[in-house]
Each structure stands twice: as C-alpha cells, then as structure tokens.
Protein chains: 2
Amino acid sequence: MALEHAILVSLLEQPGSGYELARRFDRSIGYFWTATHQQIYRVLKRMEGDGWIDVREVPQQARPDKKEYSVAAPGRAVLSAWLHEPIEPESVRHELAVKIRGAAFDDPAALIREVERHQQAHSDRLAHYLAGERRDFTGPEAPAALDAGQELQHVVLRGGIAYEQMTLAWLDDVLATLHRLGPER
Amino acid sequence: MALEHAILVSLLEQPGSGYELARRFDRSIGYFWTATHQQIYRVLKRMEGDGWIDVREVPQQARPDKKEYSVAAPGRAVLSAWLHEPIEPESVRHELAVKIRGAAFDDPAALIREVERHQQAHSDRLAHYLAGERRDFTGPEAPAALDAGQELQHVVLRGGIAYEQMTLAWLDDVLATLHRLGPER
DNA sequence: GCTTGCATGTAAGCGGTTACATGATTTT
DNA sequence: AAAATCATGTAACCGCTTACATGCAAGC
C-alpha cells in the first residue's frame with residue numbers, strides 16, 4: 001500500500017488541500033498512481049491523526065475555506081523508512097489482454113473497434129505527456145538547469161512516455177493480428 | 001472486475017480444477033492478470049452457483065480428488081457479452097515511480113540497489129517470456145501453422161515481451177539519472 | 001525426517017470504488 | 001437558468017490480500 005506515501009511525496013513537492021491533491025492525482029502523480037477524492041480525504045484524516053502531517057486552516061475570499069496540509073517530521077521519517085524498504089516489482093493487470101485471448105472463442109473481428117479505441121486513448125495520453133515534457137523540461141520556457149527533484153520527475157515522465165509508445169506499437173501489432181485472423185478464417 | 005472473465009477464458013482454453021487454475025495464474029494467464037487460490041475458489045463457487053460453469057468430480061489415484069470445471073452455455077454468453085462491451089484503458093499503478101519522485105527528499109543514491117533489484121526481476125521475466133515464445137511459437141518444436149487461439153496467445157505474449165524490454169530500458173535510464181545526481185550533488 | 005506438490009477451503013481486515021450529500025461562486 | 005469549479009465529507013459494498021487450517025503422497 002502506497003497511497004500514503006504518494007500523498008507524502010506530493011505534499012513535500014507542494015503543500016495543499018485534499019481537493020488540490022485529488023486534482024494532482026488526476027494529473028502528474030496520477031500518471032502512475034490513481035486515487036479518488038474520497039480515498040484521499042480519508043487517508044489525510046488518518047495521517048493527520050497519526051501526526052504524519054500538519055493542517056492549517058486557510059480562509060479564502062469567494063471560495064470555501066480549505067485545509068492546507070504539509071508534511072510533519074514523523075511523516076518524513078515514515079517516507080524515508082519506506083524508501084529504504086524493498087518493494088516487489090509490479091505485476092501487470094491488463095484487462096485488454098484477457099479480452100484478446102477470449103476473442104479466440106468469439107469473433108476476433110469484434111475486438112478491432114475496441115483496440116482502436118484504446119489506441120486513441122493511449123495516443124492522447126502520449127500527446128499529453130509530451131506536451132508536459134516540453135513545458136517543464138525540454139522546451140524553450142523550461143529552466144536551463146534542473147534540480148534533483150526535477151530530474152527525477154523528468155525520468156518518471158520519460159517512463160510514462162516510453163510506456164505509451166510501447167503500448168501503441170503493441171496495439172498496432174494486435175490490430176494486424178486481428179486483421180489477419182478476421183477475413184479468411 | 002474481470003477475474004471471472006479471465007477464469008472463463010482459461011477454462012475455455014482448458015478445463016481444470018481450482019488448483020490448476022491457480023497454477024495457470026502463476027504462469028501464462030498470470031502474466032497479465034494475477035489471482036490467489038483463495039480468490040479463485042470463491043469465484044468458482046459463485047460461478048457454479050450462477051450456472052456459468054459445470055463441475056465434474058474426478059477421482060484420482062495417489063492424489064486427492066479434484067473438481068474439474070468447464071464452461072457452460074450461460075458462461076459463454078456472459079463472456080461474449082463482456083467481449084463486446086468497451087472497457088477503460090488501464091491506468092498504471094507504479095509504486096517504483098512514487099519512490100523515485102520521493103527520492104528527491106531523501107538520498108537518491110539509496111535507491112540504486114532497489115532499481116538494480118527490479119532490473120534483475122524484469123530481466124528474469126523477460127527471459128522466461130522469451131523461452132515460452134521459443135517453446136510455443138517460434139522454436140523448432142513449435143507447430144508450423146498456428147490456429148486463431150495460438151495467434152492471439154502469441155500476440156499477448158509479444159506484448160509482455162515488449163513491456164519487459166521497455167521497462168529494462170527505462171530502468172537503465174533511471175539508474176543513469178540516479179548516478180548523475182548521486183556523487184556531485 | 002523435512003520439504004514440496006496436490007487439493008480445497010475459512011476468516012478477518014482493509015483498501016478502493018460508487019453513490020449520495022451539501023453549498024457557494026463563477027462561467028456559459 | 002444551467003453547468004462547472006471549489007471544497008469537504010458520509011455510507012455501503014466489494015474485491016483482494018493475508019493468515020490460518022487440513023490431509024495425503026512422493027521425493028530429497
């Protein structure tokens with residue numbers, strides 16, 4: 001379980017409210033870890049109770065007040081301990097692969113549109129990642145020298161880009177295979 | 001939720017017991033969908049109750065009896081319906097990426113050994129996949145002509161291979177980045 | 001004698017998803 | 001007038017993980 005740790009990292013990068021965290025989990029952090037706001041609020045409350053994070057009530061004009069969370073010393077210690085702990089390499093969970101193997105017992109051609117939908121989605125994500133990379137790291141408005149945090153964010157983003165490119169190439173392969181199986185057999 | 005569907009696919013490919021299914025989920029199917037035997041037994045019971053699958057008691061000598069499950073007509077219908085339903089492209093959940101971003105607030109160099117461990121694991125998996133590909137699809141003992149089911153299994157396996165190769169290349173990138181950050185800063 | 005493999009389960013707990021709820025302000 | 005944004009929550013459910021449990025046979 002690493003939602004707590006993902007939140008700690010995100011709060012270290014930038015303190016913020018539960019709502020703001022939820023938005024980040026739809027963007028940068030969410031590229032490799034997802035969470036809904038309900039989850040985030042519950043975990044924030046527990047982390048606050050455990051003294052991992054501090055809260056500060058921030059009044060705002062023309063907007064509801066918000067609670068700004070920031071990482072406390074015990075939270076940093078928890079994160080550091082976790083960073084030094086080995087974790088198991090992820091096992092993939094790929095629903096589409098189940099579908100593809102299932103297509104052998106149905107009409108393979110029926111999957112073509114589904115695969116094309118996934119191509120579109122991954123292609124959109126790739127474009128989004130590349131735009132973010134240009135904006136923050138490689139474009140003309142990016143900082144000339146990056147600090148350690150930025151370098152690490154960049155290498156994670158490169159991982160996302162590589163993943164999407166690999167997936168798109170594989171989906172091409174899948175489509176070609178489905179087309180080969182479709183008409184003649 | 002697709003465990004039921006993964007089980008249906010696996011039982012269509014080859015009927016078998018809960019125990020056998022659990023072993024397959026450690027191998028072929030498990031490359032892209034994991035499940036423990038406890039989960040599998042529970043779901044099998046429910047699927048049997050719903051009439052999706054049939055059971056046959058198989059006595060064995062020198063071994064405990066087993067229940068061999070096979071897909072019934074309603075199960076095929078359920079699978080077919082699912083195959084025609086669109087699914088959302090997976091969102092990745094990559095704990096290591098959280099750790100890498102977290103390393104900005106700790107000692108980046110401490111992550112190097114962890115990344116090397118992951119390299120080893122992914123390298124092993126890749127070797128395993130490639131051996132399976134040679135055995136079943138490209139080697140001298142593989143069938144000359146593949147049927148649709150085998151073609152689809154092969155394209156899924158190619159996806160696993162591409163994933164591991166991409167991951168290994170990315171982990172090299174991560175290591176290089178950590179080494180760059182480590183000594184001087 | 002110990003471990004591994006075959007075979008099937010129960011029980012507890014928890015993380016995560018989905019649905020529901022509220023309320024003000026800004027934009028369309 | 002309606003929809004979207006900001007902001008925080010409660011409640012129910014369910015899938016999944018972990019731990020515990022049993023029992024026999026074969027191999028080291």
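Each chain gets a letter, A, B and so on, in the order its sequence line appears, and its residues count up from 1.
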Exercise. Report the distance from atom CD of A/Glu20 to atom P of D/dA7, rounded to the nearest whole Å.
Key: 6 Å
Exercise. Check whether any side-chain N or O of A/Gln39 sits under 4.0 Å from OP1 or OP2 of C/dT17, and answer yes or no.
Key: yes
Self-check item: Phosphate-side-chain proximity, A/Ser17 and D/dT8, N/O vs OP1/OP2 below 4.0 Å
Solution: yes
Self-check item: Carboxylate-amine/guanidinium proximity below 4.0 Å for B/Lys67 and B/Glu48
Solution: no
Quiz item: Pick the nucleotide of DNA chain C nearest each of B/Gln38 and A/Ala35; which residue has the one closer to the 5' end?
Solution: B/Gln38
Quiz item: Around A/Gln60, counting heavy atoms of other residues, nucleotides and ligands shown, do more than 12 lie under 6.0 Å from its CD?
Solution: yes
Self-check item: Between D/dA26 (P) and B/Arg63 (CZ): distance, integer Å
Solution: 10 Å
Exercise. Considering only NZ, NE, NH1 and NH2 on the basic side and carboxylate oxygens on the acidic side, decide whether B/Glu13 and B/Arg24 come within less than 4.0 Å.
Key: no
Quiz prompt | A/His128 NE2: over 12 foreign heavy atoms closer than 6.0 Å | solution = no
Quiz item: In whole angstrom, what separates B/Gln61's CD from D/dC24's C1'?
Solution: 14 Å
Quiz item: Would you call A/Arg117 and A/Glu114 a salt bridge, taking side-chain N to carboxylate O under 4.0 Å as the test?
Solution: yes
Quiz prompt | Any B/Tyr19 side-chain nitrogen or oxygen under 4.0 Å from OP1 or OP2 of C/dT8 | solution = no
Practice problem: Among the candidates C/dC20, D/dC16, D/dT18, find the nucleotide nearest to the side-chain atoms of B/Leu3. | Solution: D/dC16
Quiz item: In whole angstroms, how far is the P atom of D/dT17 from the CD atom of A/Glu88?
Solution: 13 Å
Quiz item: B/Asp65 CG to C/dT8 P: how many Å, rounded?
Solution: 9 Å
Self-check item: Integer-rounded Å distance: D/dG9 P and A/Leu21 CG
Solution: 13 Å
Quiz item: What is the nucleic acid contact for A/Gln60, judged by heavy atoms within less than 4.0 Å: base, sugar-phosphate only, or nothing?
Solution: sugar-phosphate
Self-check item: Which residue lies more 5' along DNA chain D, comparing B/Pro64 with A/Arg23 via nearest heavy atoms
Solution: A/Arg23
Practice problem: May I have the distance from B/Leu44 (atom CG) to C/dG9 (atom P), rounded to whole angstrom? | Solution: 9 Å
Quiz item: Hey, is the side chain of A/Arg46 poking within less than 4.0 Å of OP1 or OP2 on C/dG15, counting only N and O atoms?
Solution: yes
Quiz item: Looking at A/Tyr41, does any N or O in its side chain come under 4.0 Å of the phosphate oxygens OP1/OP2 on D/dG9?
Solution: no
Self-check item: Rounded interatomic separation in angstrom, taking NZ from B/Lys66 and C1' from C/dG9
Solution: 18 Å
Exercise. Please state whether the phosphate of D/dT8, meaning OP1 or OP2, lies under 4.0 angstrom from any side-chain nitrogen or oxygen of A/Lys45.
Key: no
